Structures are given as structure tokens and as C-alpha cells.
Visitor: 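Quick one: the structure is below, questions incoming.
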Amino acid sequence: MPVSDPVARPFDTPERKAFRESVERFVAREIAPHGDAWDEAGDFPWSLHEKAGALGLFGFGIDADHGGAGFDDAFMRLDAGTALGYAGVGGVNASLGSRNIMTGPIARLAREEVKRAVLPDIVSGRAGGALAMTEPSGGSDLARMKTRARRDGDDWVIDGEKTFITGGMKASWFVVGARTGREGFGGISLFLVPGDAPGFTRVAITRKMGWWSSDTATLHFDGCRIPGDAQLGEEGLCLLAIMDNFNYERLALAAGGLGMARRCLDDAVDWARVRETFGKPLIRHQVIRHKLAEMSARIDALDGYLQILAAAINTALEAGEPLPAAGLAKAKFLASGVAEYCASEAMQVLGGAGYLRGCAIERIYREVKVMAIGGGSEEIMRDLAARQMGL
Ligand SMILES: Cc1cc2nc3c(=O)[nH]c(=O)nc-3n(C[C@H](O)[C@H](O)[C@H](O)COP(=O)(O)OP(=O)(O)OC[C@H]3O[C@@H](n4cnc5c(N)ncnc54)[C@H](O)[C@@H]3O)c2cc1C
């Protein structure tokens with residue numbers, strides 16, 4: 001049993017255990033052996049999306065009629081995200097997961113015919129999806145979004161630019177935020193844009209610090225014409241739909257951070273057991289043992305917090321109440337902090353071996369940084385948590 005395994009899973013059920021184990025097997029069989037080569041190649045086969053779809057990784061919170069699971073469970077979301085994070089190939093995780101941050105608004109706001117036409121392909125992994133909110137002028141302050149959509153006869157016409165869009169080169173469908181009215185969040189609407197819409201082009205962002213196997217794009221909307229019914233919900237409802245989406249994105253990123261931190265601890269322990277310095281294994285040196293104990297303590301604390309949070313999310317879902325936004329914001333920055341700490345300490349335990357390309361710790365060390373930025377940066381998450389706490 002890996003050292004990083006949780007001390008207890010008080011909320012486990014046979015269904016959750018079976019799902020978790022199936023995702024862990026999927027990661028071990030389908031991702032781990034290829035992750036490094038895919039990352040170096042900057043790409044991975046589309047068949048992985050379909051295998052992940054068949055496993056049910058994209059169906060939570062989506063009706064069975066629309067190809068989804070027909071139920072939601074925060075523990076299953078958490079376990080899936082943790083197992084994928086443990087693979088230590090963030091780019092694969094990001095490109096698979098980009099659809100999970102755009103199906104929510106479709107499921108919540110699109111007309112029934114649109115849901116039936118679009119969701120099954122995305123949820124099964126046959127088609128890709130991406131969420132396009134961030135613009136070159138900024139991602140934190142979305143209320144100042146500049147991309148505009150205007151009515152032209154029966155159509156909508158979008159002009160503007162989005163950047164850093166995960167899954168953006170391969171996606172067939174995009175949920176795009178654009179201003180249709182007044183300043184601020186209240187004037188922003190969401191649109192469902194097909195990848196082949198006239199006036200829409202995309203350019204790959206290739207020279208990234210990490211997530212090499214993920215397709216990241218800048219999107220250009222140059223008089224991009226889409227049908228009148230492509231608007232998701234009404235103007236101003238964007239905030240409502242997108243906030244829940246952001247909440248789930250934060251849960252997924254926090255889970256991924258936990259998985260990455262666990263991988264760092266396990267790899268550091270494995271190395272410390274076999275590497276000898278000054279006549280004994282590294283693991284017998286007190287300084288190294290203390291590093292491992294500290295990593296383990298932070299991982300356990302994060303794990304415990306995420307389990308409590310998952311229980312709170314499920315309770316909110318059952319009661320039809322808003323998700324615990326403060327808790328999710330705190331989870332996001334706690335997780336990125338723990339992952340960053342563990343990556344740095346693991347690299348130190350591995351020494352030069354950890355610095356080499358091909359070593360999972362080297363990749364995780366580079367990729368923890370985006371966890372502190374994407375999906376709401378650490379600063380914005382702290383600010384949101386404070387506001388939600390009434391401060
Ligand atoms: C690899 C990658 C993938 C991404 N994928 C997507 C995607 O799929 N879809 C999408 O829409 N976006 C995506 N993003 C964008 C991401 O969400 C933004 O990078 C993030 O929201 C921060 O926006 P920004 O980079 O424009 O930084 P800015 O908003 O310009 O902020 C810069 C820095 O200032 C800090 N800051 C800003 N305001 C404050 C404040 N009030 N107080 C204190 N500090 C502040 C921020 O925390 C940040 O550290 C991705 C980003 C990356 C790097």
C-alpha cells in the first residue's frame with residue numbers, strides 16, 4: 001500500500017470504492033505508461049477521451065437522457081480527480097477535463113433539443129469541449145470582459161478574443177462568455193459556439209511551462225456568426241451558471257493537487273529507501289525523514305478537508321442549496337500550496353535525479369504552478385473565501 005494512502009475513508013461506500021478502483025486501474029493501464037512520451041510529443045491519442053468517457057469521468061451531474069450518469073457525487077468527483085492527479089501528467093488531465101468545465105452551463109441552460117444534440121457526444125468523449133472566459137486583457141476580473149455579442153437579424157455575431165483555452169485546439173464545442181449588455185457581470189451572456197462557426201479561428205499556444213500534452217489555444221472571433229438559439233439562458237444568468245461551474249472546477253483542481261502531492265510523497269519515499277548516502281539509506285537520515293513526515297501531514301490534512309467538503313457538497317446538492325463556495329475556494333488554494341510544497345520537497349529528496357526530464361517529479365514541479373493560477377488564482381481564491389465569510 002502506498003505511504004500516501006488516506007488514513008481513513010469514513011464516507012466510503014461499495015459504489016465509491018468500485019468507481020475509485022476502476023479509475024485507478026484506468027490511470028495505471030492507460031495513462032501512466034505513456035504519459036511521459038505524450039508530454040514530450042505535445043499530444044495524446046483521441047481514443048483516451050473515449051475510454052475516459054466510457055469510464056464515466058465526464059457524466060457527473062448530467063442527465064442519463066443526455067448521456068450522463070444521471071446523478072452527482074462529490075466523492076466520486078474527488079476520487080477521480082485525485083487518481084488522475086496521481087498520474088503526474090497534468091496535460092492529459094487538463095485536456096480530458098476541459099469538457100467538465102463546460103457541460104454544466106449546457107446542462108443547466110440549453111434548450112432540450114440542444115442538450116440532446118450536443119451533450120452525448122461530449123460526455124462520451126467522442127467530441128471535445130472547452131470553456132472560453134479568459135481574455136488577453138485578463139482572467140481574474142471577468143466582469144470586465146471585452147468580447148462582445150450583438151444581435152444581427154436572427155443570428156448572434158461575436159467579436160473578440162479569448163486566450164489560454166484548455167482543449168481549445170481540438171474542441172468541437174465552446175461555451176463562450178461575451179458581453180451583450182451593460183458593464184459588469186450582469187451584462188455578460190454565455191454562448192454555445194461550434195468549432196466550425198464562420199468567423200471563428202484558433203491558434204495553438206505551444207511554449208508552456210507545463211501541461212505540454214494539453215492543447216491550449218487563443219481563440220479569435222471575427223464577426224463570428226452563430227444562430228440566435230446559441231445563447232445559453234438569458235443575459236445576466238451567466239454569473240449563476242458559471243459560478244457553479246467554477247466551483248466544480250475548483251474541486252477537480254484541488255483533487256488533482258492532492259493526487260500530485262501523494263505521488264510526490266510516494267516517489268520520494270521509494271527513492272529514499274534505496275538511495276544511500278554516508279553509509280545508510282536516505283530514509284534513515286533524520287532531515288529526510290522529517291521532510292517525508294511533513295509532506296504526509298500536509299497531505300492528510302488536505303485529504304481530510306476535501307472529504308468534509310465533499311460531504312458538504314453532497315448535502316447542498318440534496319437540499320438544492322448553493323455549493324459551499326468559500327470551502328471550495330479554500331480547498332483550491334490549500335491544495336495548490338500542498339502540491340507545490342510536496343513537489344519541491346520531493347525534488348530535494350531525489351536530488352539531481354529529480355531534475356531530469358522523464359522523471360514524474362520534474363514534471364509535477366513545473367505543473368504545480370498552473371494549479372496556483374488557473375481556475376481562479378490563489379489570490380483571487382483567498383479574496384473570494386474572505387468575501388464569502390462576510391469579511
Ligand atoms: C495552462 C492554462 C490553462 C488555462 N485554461 C483556461 C481555460 O480553459 N479557460 C479559461 O477561460 N481560462 C483558462 N486559463 C486562464 C486562467 O483562468 C487565468 O490565467 C487566471 O484566471 C488568471 O488570469 P490572468 O492570467 O489573466 O491573470 P490576471 O488576472 O492578469 O492576474 C495576474 C496576477 O495578479 C493577481 N491578481 C489579480 N487581481 C488581484 C487582486 N485583486 N488582488 C490580488 N492579486 C490579484 C492574480 O492572482 C495573478 O497572480 C488557463 C490558464 C493557464 C495558464
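This one's a predicted model, so the numbers in the text were calculated from it and none came from an experiment. Start at 1 and go down the list; that is how both ligands and their atoms are numbered.
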Visitor: Nearest 0.5 Å please: distance from the CG atom of Leu57 over to the CG atom of Leu84.
Guide: 6.0 Å
Visitor: Name the closest protein heavy atom to atom 30 (O) of ligand 1, giving the residue it belongs to and the distance to 0.1 Å.
Guide: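 I find the closest protein heavy atom is Gly138 CA, 4.4 Å.
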Visitor: Could you tell me which residues satisfy ring pair (Phe, Tyr, Trp, His ring centres under 6.0 Å) with Phe200, sequence neighbours excluded, listed by chain and number?
Guide: Phe174, Phe221
Visitor: Return yes when at least one protein heavy atom is under 4.0 Å from atom 28 (P) of ligand 1, and no when none is.
Guide: yes
Visitor: Heavy atoms only, cut-off 4.0 Å: how does Ile373 contact ligand 1, side chain, backbone, both, or neither?
Guide: both
Visitor: Can you list the atoms of ligand 1 that are under 4.0 Å from a heavy atom of Trp211?
Guide: 1 (C), 3 (C)
Visitor: Nearest protein heavy atom to atom 22 (C) of ligand 1: under 4.0 Å?
Guide: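 Protein heavy atoms within 4.0 Å of atom 22 (C) of ligand 1 - there is at least one.
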Visitor: Go through the structure and list residues passing side-chain hydrogen bond (donor to acceptor under 3.5 Å, both in side chains) with Lys51, not counting sequence neighbours.
Guide: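 Residues passing side-chain hydrogen bond (donor to acceptor under 3.5 Å, both in side chains) with Lys51: Glu30.
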Visitor: Measure from atom 33 (C) of ligand 1 to the protein's non-hydrogen atoms and state whether any distance is below 4.0 Å.
Guide: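 Given the 4.0 Å cut-off, atom 33 (C) of ligand 1 does not count as touching protein heavy atoms.
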Visitor: Once you restrict to heavy atoms under 4.0 Å, what part of Thr166 touches ligand 1? Side chain, backbone, both or neither.
Guide: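 Both backbone and side chain of Thr166 come within 4.0 Å of ligand 1.
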Visitor: Tell me, which protein residue and heavy-atom name are nearest atom 37 (C) of ligand 1, and how many Å apart are they?
Guide: Ser140 OG, 3.8 Å
Visitor: To which protein heavy atom is atom 4 (C) of ligand 1 closest, and what is the distance rounded to 0.1 Å?
Guide: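 The closest heavy atom on the protein side is Phe164 O, 2.9 Å.
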Visitor: Return a yes/no value: protein heavy atom under 4.0 Å from atom 44 (N) of ligand 1?
Guide: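 Yes, because at least one protein heavy atom sits under 4.0 Å from atom 44 (N) of ligand 1.
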Visitor: Write out the residue and atom name of the closest protein heavy atom to atom 9 (N) of ligand 1, then the distance separating them to 0.1 Å.
Guide: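 Of every protein heavy atom, Leu131 O, 2.9 Å lies nearest to atom 9 (N) of ligand 1.
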